[in-house]
Protein chains: 2
Amino acid sequence: MRIVIAHCTVDYAGRLSSHLPEAKRLLMVKADGSVSIHADDRAYKPLNWMSPPCVLKESERDEDGRVIWTVTNKAGERLVITLQDVELDASHELGVDPGLQKDGVEAHLQELLAEQIETLGSGWTLVRREYPTAIGPVDIMARDSDGAHVAVEIKRRGEIDGVEQLTRYLELLNRDPLLAPVRGVFAAQEIKPQARTLAADRGIECAVLDYEVLRGMDDPSSRLF
Amino acid sequence: MRIVIAHCTVDYAGRLSSHLPEAKRLLMVKADGSVSIHADDRAYKPLNWMSPPCVLKESERDEDGRVIWTVTNKAGERLVITLQDVELDASHELGVDPGLQKDGVEAHLQELLAEQIETLGSGWTLVRREYPTAIGPVDIMARDSDGAHVAVEIKRRGEIDGVEQLTRYLELLNRDPLLAPVRGVFAAQEIKPQARTLAADRGIECAVLDYEVLRGMDDPSSRLF
DNA sequence: ATCTCCATGTCGTGC
DNA sequence: GCACGACGTGGAGAT
């Protein structure tokens with residue numbers, strides 16, 4: 001990884017056009033060739049960048065001490081950086097990162113809820129996770145205590161688009177006489193009021209999931225029986 | 001801005017839990033207090049981060065030469081970084097950035113299309129941009145050559161959620177007897193097949209916009225009259 | 001503070 | 001390769 005701190009101007013032409021007036025900034029060149037330009041605020045987002053795969057060409061220093069970096073990719077996007085007054089230019093070998101281990105995302109919720117489908121209703125049974133349909137997989141397909149099918153859409157945060165998604169699935173599933181009528185359950189750790197209202201309007205039930213409880217139930221050390 | 005290159009392990013507990021095993025990484029502390037941790041690949045995304053506003057507390061060096069950074073925010077999210085073998089620790093004053101100037105985003109498309117609404121149909125007239133409704137503004141409200149209202153949703157890339165959005169607007173607008181019937185046009189630089197299919201199913205027309213042409217038409221230097 | 005929607009979204013995954 | 005959905009989405013603007 002190469003870290004440069006310098007005054008620079010930047011022009012990007014690609015999916016849009018953009019320009020950065022001259023200012024002192026951080027330039028980061030990574031081992032995969034990618035380049036990003038950071039200001040002194042916002043942890044996450046660089047002001048400008050080029051994602052890999054891409055190629056950086058560095059010009060000779062001109063009579064005013066300027067250097068031009070031209071970063072291009074296959075799609076014809078182009079990032080041109082003009083540097084001057086370089087304060088820092090450091091290269092460090094970082095090696096391959098072992099990567100981030102995550103816990104608590106939607107996949108976990110789905111796993112836990114599938115194992116404990118009775119959380120949603122007594123006597124309910126799991127048909128399968130990722131139940132395939134023509135327009136994509138339903139997170140969980142289950143049957144209620146009467147044997148009727150229930151399509152469950154799981155979100156970490158339940159918002160309107162999740163309800164729309166489930167609505168599309170239900171519309172399709174209910175066209176299948178072997179399945180219809182299919183009930184819908186919108187399950188999330190948190191459900192926004194607007195989503196709850198829309199769900200009610202569509203005849204979709206809502207269920208708020210408690211990740212800690214689901215995980216606790218799943219944790220053998222916490223089981224009483 | 002403070003740049004540190006060091007071996008570190010990272011634990012995050014907040015919206016999810018995550019862990020980074022020990023490896024050499026770049027740590028960036030910005031003037032707004034935000035912290036991000038970068039590996040040597042992917043230009044855009046840090047492995048881990050804490051967005052401002054947040055507070056960084058740095059421990060004393062322990063007997064093994066380790067330092068612990070604890071970054072917390074108001075919401076109770078917590079990022080704990082254990083550093084050792086610090087290779088670089090550099091601070092640079094960057095100042096406030098003048099910011100990015102953009103050209104070619106949805107706002108521009110909307111502006112240009114509003115000026116040239118006849119692109120969508122001969123004899124069409126603009127009612128207004130950002131036409132207000134109870135559930136949010138419609139990008140463009142127009143009238144066709146028969147005087148019928150047309151709601152136009154503009155996207156850079158037309159996907160399903162854009163069609164859903166327009167559908168919600170149309171549902172609402174068509175309840176107003178002073179407006180109904182309201183036609184819908186889904187306009188984008190590129191429309192995904194699934195979105196096109198859904199739009200057709202909902203009786204919504206699609207229009208592919210050419211940004212260069214719209215801009216060219218708007219550019220006084222290119223006008224012939 | 002909350003809600004909404006855009007984004008050069010990025011990133012993984014399944015086809 | 002394309003398409004779809006999740007993301008600690010982030011970030012900006014309006015209510």
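Throughout, protein chains are lettered first and strands after them, A, B, ... in sequence-line order, and every chain is numbered starting at 1.
Taking the nucleotide of DNA chain C with the nearest heavy atom to each of Pro52(A) and Arg168(B), the more 5' of the two is matched to Arg168(B). Mapping Pro137(A) and Asn48(B) onto DNA chain D by nearest heavy atom places Pro137(A) closer to the 5' end of the strand. Residues Arg42(A) and Gln165(A) each lie close to DNA chain D; by heavy-atom proximity, the contact nearer the 5' end of the strand is made by Gln165(A).
Under the 3.5 Å distance criterion, the side-chain polar atoms of Asp161(B) are left unmatched by any main-chain donor or acceptor of Glu164(B). The backbone N or O of Glu93(B) lies less than 3.5 Å from a partner atom in the side chain of Lys24(A), making a donor-acceptor pair.
Computed from coordinates, the Asp103(B) CG to dT8(C) P distance equals 12 Å when rounded to whole Å. Between the CD1 atom of Ile191(B) and the C1' atom of dA3(D) there is a distance of 16 Å, given to the nearest Å. In this entry the distance linking NZ of Lys155(A) with P of dA6(D) reads 3 Å, nearest Å. Rounded to an integer number of Å, the gap from NZ of Lys102(B) to P of dG13(D) is 10 Å. Atom CZ of Arg157(B) is separated from atom C1' of dT10(C) by 11 Å (rounded to the nearest Å). The nearest whole Å value for the distance from the CD atom in Glu106(A) to the P atom in dC7(D) is 5 Å. Ile160(A) has its CD1 atom 7 Å from the P atom of dC5(C), to the nearest Å. When rounded to the nearest whole Å, the span between CG of Leu198(B) and C1' of dG5(D) equals 16 Å.
Taking the C1' atoms as reference points, dA7(C) lies 14 Å from dC11(C), given to the whole Å. When the P atom is used for both dG8(D) and dC5(C), the distance is 22 Å, rounded to whole Å.
Between Gln194(A) and dC3(C) there is no side-chain polar atom (N or O) within less than 4.0 angstrom of OP1 or OP2. The phosphate of dT10(C) has OP1 or OP2 within less than 4.0 Å of a side-chain N or O from Arg15(A). Contact between the side-chain N/O atoms of Lys192(A) and the OP1/OP2 oxygens of dT4(C) is not found at any separation under 4.0 Å. The phosphate of dT8(C) has neither OP1 nor OP2 within less than 4.0 Å of any side-chain N or O from Tyr211(B). Taking only side-chain nitrogens and oxygens, Gln110(A) never comes nearer than 4.0 Å to OP1 or OP2 of dA6(D). Under 4.0 angstrom from either OP1 or OP2 of dG10(D) there lies no side-chain N or O belonging to Lys45(B).
No side-chain heavy atom of His108(B) sits less than 4.5 Å from a side-chain heavy atom of Glu106(B).
Within 4.0 Å (heavy atoms only), Arg78(B) reaches no atom of the nucleic acid at all. No contact: Glu130(B) has no heavy atom under 4.0 Å from any strand.
Figure legend. dG8(D) is base-paired to no nucleotide; pairs are counted as Watson-Crick or G-U wobble with both atom distances under 3.5 Å.
Under 3.5 Å, the side chains of Arg202(A) and Thr167(A) contain a donor-acceptor pair of N or O atoms.
Closest contact between the side chain of Leu100(B) and the listed nucleotides dG5(D), dG8(D), dT8(C) involves dT8(C). Considering only side-chain atoms of Pro193(A), the nucleotide from dC7(D), dT8(C), dC3(C) that sits closest is dC3(C). Listed nucleotides dT8(C), dG11(D), dC6(C) differ in distance to Trp49(A); the shortest reach to its side chain belongs to dT8(C).
Here CD of Gln110(A) is found 11.5 Å from CG of Leu209(A). Values are rounded to the nearest 0.5 Å.
Asp139(A) approaches Val152(A) most closely through the heavy-atom pair CB-O, 3.3 Å.
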